[in-house]
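Notes for the one structure printed next.
In what follows, chains carry the letters A, B, and so on, assigned in the order in which the sequence lines appear, proteins first and then strands, with residues in each chain numbered from 1. Because the structure is a prediction, the values reported are computed rather than measured.
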Amino acid sequence: MTVKPELLVTAASMEELVRLAEAGADAFLLGESRFGMRLAGEFNLEKLLEAVNYANPHGIKIYVAMNNLIDNETVPLLPNYVRALANAGVDAVVFGDPAVLMAVREHAPKLKLHWNTEMTSTNYATANYWGRKGAGRFVLARELNLDEVLDIKRNTPMEVQVQVHGLTNIYHSKRSLVNSYMDYRTSSGTVESSSLVTDKDSGLYLIEVERQEERYPIYQDLNGTHIMSSDDICMLESLHELMEAGVDSFKVEGLLKSPDYNEIVVKAYRKVIDAYFANPESYQFDEDILDEIKAVQDPDRELSFGFFYKEQVY
Amino acid sequence: METLTKIKYRGKRHRLDRPELLAPAGNLEKLKFAVHYGADAVYIGGQHYGLRSGADNFSLEEMKEGVKFAEKYGAKVFVATNIYAHNEDLAGIEAYLKGLEEAGIAAIIAADPIIVDTAMRVAPKLEVHLSTQQSILNWQAVKFWKDEGLPRVVLARETSLEEIAEIKSNVDIEIEAFIHGAMCSSFSGRCVLSNHFTDRDSNRGGCSQSCRWKYDLFVDQDMVNSAEENKFTMGSKDLCMIEHLPELIEAGVDSFKIEGRMKSVHYVATVVNAYRQAIDAYFDNPVGYKLKPEWVEEINKSANRPLNTGFFFQTPGAKEHIYEAEEKAAPYDFAGVVLEYDEASGIALVQQRNHFKPGQEVEFFGPGGTFFKQIVGQIADETGTGLDAARHPMQKIRMKVDHPVKAMDMMRKKIR
């Protein structure tokens, strides 16, 4: 019998955090965009402390995203930040850049480390490499299929985290690509002037000429331009396959979604996890739970299995 | 902390050691031309673990031949093993790396830490250089990899010259930087558009260049652009730093890397030739160095896209992207390569690489900047039979040349 997996979610605000905690979340990924990438909302140190103070008595964990590609300017800020996180009592730091690992090892050695380089976290041997450097958890790339995920779980002593719901980033540039395009339109005389809100709440998306059905959200922030998947992963009906394998953490990505939507999704996953562990042998997936998500799903965004059941070529 | 750039501006210091010129070689022939035209090192792809599954790529036997050829020029051969491995790729890594070591390869360029780690363990004679796919922007991460035993890192293309100088002043390690060629507009490795659009894994060599496709931009239900105007795209102009070599040299860049394992032998020879001359001119006389317009002209003859300076001086904006329809080809095309030259008769034996015919204007060029134009006169095949055009690929053609040429000199023709 495997251990019950953690249900990890994002939150845009303290208010959403409380709602999602009540809906059944076990852990939250928070942070600020100075250090963390593609966050649902900004949690500075003060807000993080508030989150920890709420979460601790409820047995809920707070992880802090420091998964940016770190530049020289940010390096000197790392020691104080990781010390402050340790003092605040956060449960782990999520990193991709070795600079963060070095800062934590030197200045906050008790902080747990989750390794996450997004699309490039693709095999267990590399995970184990970062495990030897001090990471305790491996956050898997979303472009892996189920066989690869299960094989990774069998071959690493680290905790394994898998995204089970929501959109994923598919392209990240340091360039401000929407601004550049708007500037091009002005300078080429197509439009007289152009201003466009480009942040994550702006509702911008791309449609590729040959793929009219697919809408790819795009937004800009401090860290550049981000393009997101046109579908939302939804592993609800196959979740037991991941639970049987003993995957340690299921992540629901709440970025670009309303708190109402996220609450329904978290409740659904909570129900499925609890139902499975109430009696793994006789577990049957309850379609009705999926229907609750379908009822609030944006009709222009497909619920999909992501890459879990796909074969890729190269 | 004082950066090298600041130190440089205060005095009249000039760097003494010459940076390496590192060229791409998609196959054995390209390797030979890259080295002959002045590359200090070339990087190639093997049969596995490289990011250009569409390139010819080298067998171990070809690698050995390439290494032997390069040695004659004192040049080195590196192998790109820059994929992010999946579980199924792990089993063969050790044997593959040992094979590279045995073939005399000087270094691998690796992104995935497990390939880095395995190479250090099983192939100690292979140097390990960290690939740009690791997207490193800061000195602390560079120091991490130095502590792991790496002598060289290729930084993210997003680092500015100022940041490179700062990294150099903090960590004693070789810095390799791309100075020429096509660029990902994303952080390298941080793009899975291909995976989503075409089920091809970009980080294992399957990139379908979706960043250069055309997109309509919408906000809510409304299209921002009109159907008639040029659409949104992420496609970047190509990098070219020929006009800024002194800055790169004085910032402390140790290896100047040219992109393009998929590019033609003509491209590689032309670009290497120009940078070789510029680097040598600088070190011959740093104080009196001047950019020669012919280097820029030569580069433009091989360019497939408009050029820009990437992130070295500022973050690219509208001018650094390509929204108009792309010109598909470079303005000049490879027409032939000189195999032999007979001084007495002034006749060269030229191997045909593209259609050419009498009356056409062609250019001959060779290493070090030798160059002349001429009109093609009478041409004949090897047996002396006259021809109205050189139609057959690899056919050996005899033709009179206006000035002496050497084996491995090239002939190109204008196409637009």
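- For A:Thr168, the part sitting under 4.5 Å from any heavy atom of chain B is the side chain, from C-beta outward, and nothing else.
- There is no contact between A:Glu73 and chain B, counting heavy-atom distances below 4.5 Å.
- A salt bridge links B:Glu88 with B:Arg204: the distance from a Lys NZ or Arg NE/NH1/NH2 to an Asp or Glu carboxylate oxygen falls below 4.0 Å.
- Residue contact with chain A, scored on non-hydrogen atoms closer than 4.5 Å, involves the backbone and the side chain of B:Glu158 alike.
- Between A:Lys200 and A:Asp221, none of the side-chain N atoms (NZ, or NE/NH1/NH2) sits under 4.0 Å from a carboxylate O, so this pair counts as no salt bridge.
- Both the backbone and the side chain of B:Asn87 come within contact range of chain A, judged by heavy atoms closer than 4.5 Å.
- In this structure, A:Glu208 pairs ionically with A:Arg211, as a charged nitrogen and a carboxylate oxygen lie closer than 4.0 Å.
- Contact annotation for A:Lys310: only side-chain heavy atoms (C-beta onward) come within less than 4.5 Å of a heavy atom of chain B.
- Remark: B:Glu320 does not engage A:Arg175 in a salt bridge, criterion side-chain N to carboxylate O under 4.0 Å.
- For chain B, the nearby part of A:Thr190 is the side chain; its heavy atoms alone come within less than 4.5 Å.
- Looking at B:Phe311, the atoms closer than 4.5 Å to chain A (heavy atoms on both sides) all sit in the side chain, from C-beta outward.
- Classified by interplanar angle (parallel below 30°, tilted 30° to 60°, perpendicular above 60°), the ring pair A:Phe138/A:Trp115 is parallel.
- Of the atoms belonging to A:Tyr124, heavy atoms from both backbone and side chain fall under 4.5 Å from chain B.
- Residue A:Leu78 does not touch chain B at all, counting heavy-atom pairs closer than 4.5 Å.
- Within residues 300-307 of chain A, the residues having any heavy atom closer than 4.5 Å to a heavy atom of chain B are A:Asp300, A:Phe307, listed by residue number.
- Contacts of A:Met102 with chain B are made by side-chain atoms alone, with heavy-atom separations under 4.5 Å and no backbone atom involved.
- Interface remark: A:Arg215 contributes side-chain atoms only to the contact with chain B (heavy atom separation under 4.5 Å).
- Looking at A:Val75, only its side chain comes within 4.5 Å of chain B, counting heavy atoms on both sides.
- For A:Val197, no part sits under 4.5 Å from any heavy atom of chain B, backbone or side chain.
- Heavy-atom distances place both the backbone and the side chain of B:Val224 under 4.5 Å from chain A.
- Heavy-atom distances place the side chain of B:His321, and not its backbone, under 4.5 Å from chain A.
- A salt bridge does not link A:Lys257 to A:Asp298: none of the charged nitrogens lies less than 4.0 Å from a carboxylate oxygen.
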